[in-house]
Amino acid sequence: MPIRQITRPACWAGTLTLTLAALLAGCASSPPPQTVLALPTPSLPQASASAGNAGTRWLQLGRLDIPEYWQSRSVRYREGSELKSWEDTVWAERVEVGLTRNLSIELEHALPTPWQLCPLRCEGASRRPVRLLVSLSPLDYDRASQNLTAWAQWTLLGEDGQVLRTSSQPLQSKGSGSGAAAQTDAMAGLMKDLAGIVSREVPLLPTRRAAAAAAASSAAERLDAKNAQ
């Protein structure tokens, strides 16, 4: 019985060769590694021995409000009127989380006695914290000059939600180096500067007794105005 020889068409061989070449190329060209950035953490404060004393005044920090374009894994900067992203670089966490943490630590260092930063759970009639709300808008990093500029606005609220003080100020911080890490250095520096400014304003707030008296007076005035109508 004659043996038949099966010969594959030349086009099959070419297709097989191209397929193998594509697979090998895919294995060889793995995606470039990503750089994951996080803000440098300031030195941690020591535990205060006066925590919880009767004379302690508490400050509670809310999460910072930042522009929407910062709320992305991409690390973005400004070049003129354009927003661009560092190549193959992402944030390790949400930017507002890192900024809030850094500002908290810097406030722990900067707040004058008898002020202290509240722990994560700050409820309780004995604490009655003053609440600090901060907005950074605009917030822009210029890659060419390594300058981070922001318009910082902050409000200090009493225990009943009354506005005790509101302030705003332009801030600027410079990074060191031409890489993406310079942007995180500038951000950490901005939080340190802001903590220093807020800590100088806190002693100017009215005492608890004066704040309570002002709130009671305001409530009485509103009631008198309502009754007069």
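We number each residue from 1, following the sequence as shown. Computed from a predicted model, the values in this text were never measured in an experiment.
A distance of 10.5 Å separates OG of S199 from CD of E106, quoted to the nearest 0.5 Å. From M191, atom CE reaches atom CG of L171 across 7.5 Å, with rounding to the nearest 0.5 Å. Of the inter-residue distances, the one linking Q146 atom CD with Y141 atom OH reads 5.0 Å to the nearest 0.5 angstrom. Here the straight-line distance linking atom CG of L99 with atom CZ of R63 works out to 11.0 Å at 0.5 Å rounding. Taking CD of Q172 as the start and OG of S145 as the end, the distance is 7.5 Å to the nearest 0.5 Å. Between the NZ atom of K174 and the CG atom of L190 there is a distance of 14.0 Å, given to the nearest 0.5 Å.
The nearest pair of heavy atoms linking G98 to E93 is CA-OE2, 3.5 Å. Residues S173 and A186 come closest through the heavy atom pair OG-O, 2.9 Å. Closest approach of P129 and Q60 over heavy atoms only: CG-OE1, 3.8 Å. Residues G55 and P114 share a closest heavy-atom pair of O-CB, 3.4 Å. Closest heavy-atom contact between L194 and A152: CD1-CB, 4.4 Å. Heavy atoms only, all atoms of each residue included: C118 and W58 are closest at SG-CB, 3.5 Å.
L37 places none of its side-chain heavy atoms less than 4.5 Å from the side chain of Q183. Side-chain contact between D88 and P33 is absent, with no heavy atoms from C-beta onward closer than 4.5 Å. Between D185 and P40, some side-chain heavy-atom pair lies under the 4.5 Å cut-off. Using a 4.5 Å cut-off on side-chain heavy atoms (C-beta onward), T184 and W91 make contact. The closest side-chain heavy-atom distance from D65 to S137 is not below 4.5 Å.
Counting only distance, with no hydrogens or angles, the side chain of T100 and the backbone of L64 share a donor-acceptor pair below 3.5 Å. Looking at S74, its side chain never comes within 3.5 Å of a backbone N or O of R76 through a donor-acceptor pair. Formation of a donor-acceptor pair under 3.5 Å by the N102 side chain with backbone atoms of P42 is not found in this model. Judged purely by atom type and a 3.5 angstrom limit, W70 uses its side chain to pair as donor or acceptor with the backbone of L139.
Partners of R165 according to the salt bridge (Lys or Arg N to Asp or Glu O under 4.0 Å) rule, which considers only residues two or more places apart in sequence or in another chain, are E201. Partners of K84 according to the salt bridge (Lys or Arg N to Asp or Glu O under 4.0 Å) rule, which considers only residues two or more places apart in sequence or in another chain, are E79. By the salt bridge (Lys or Arg N to Asp or Glu O under 4.0 Å) test, R73 is found to be paired with no residue, residues two or more places apart in sequence or in another chain being considered. For W86, the ring pair (Phe, Tyr, Trp, His ring centres under 6.0 Å) partners are Y77, not counting sequence neighbours. Annotation: salt bridge (Lys or Arg N to Asp or Glu O under 4.0 Å) contacts of E87 (sequence neighbours excluded): none.
A continuous path of ILVMFWY side-chain contacts below 4.5 Å connects L111 to I197, so both sit in one hydrophobic cluster. When the side chains of ILVMFWY residues are joined at heavy-atom separations under 4.5 Å, either directly or via intervening members, M187 and V90 end up in two distinct hydrophobic clusters. Using a 4.5 Å cut-off between side-chain heavy atoms of Ile, Leu, Val, Met, Phe, Trp and Tyr, with links allowed through other members, W154 and W151 fall into different hydrophobic clusters. Note on V198 and V134: same hydrophobic cluster, where clusters join Ile, Leu, Val, Met, Phe, Trp and Tyr whose side-chain heavy atoms are under 4.5 Å apart, directly or indirectly. In the hydrophobic clustering of ILVMFWY residues, with side-chain heavy atoms under 4.5 Å counting as a link, L61 and V97 come out apart.
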R57 and V202: CA distance, side-chain angles, deciding distance, side-chain contact (heavy atoms from CB on, under 4.5 Å) verdict: CA-CA 10 Å; R57 297 197 67 183; V202 163; over 6 Å; no
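Applying the side-chain contact (heavy atoms from CB on, under 4.5 Å) test between Q116 and each of L59, L107, T56 identifies T56 as the sole match. Each of L132, L133, V130 was evaluated against L157; a single residue qualifies, L133, per the side-chain contact (heavy atoms from CB on, under 4.5 Å) test.
For residues 32-45, there are no side chain to side chain donor-acceptor pair (under 3.5 Å) pairs, not counting sequence neighbours.
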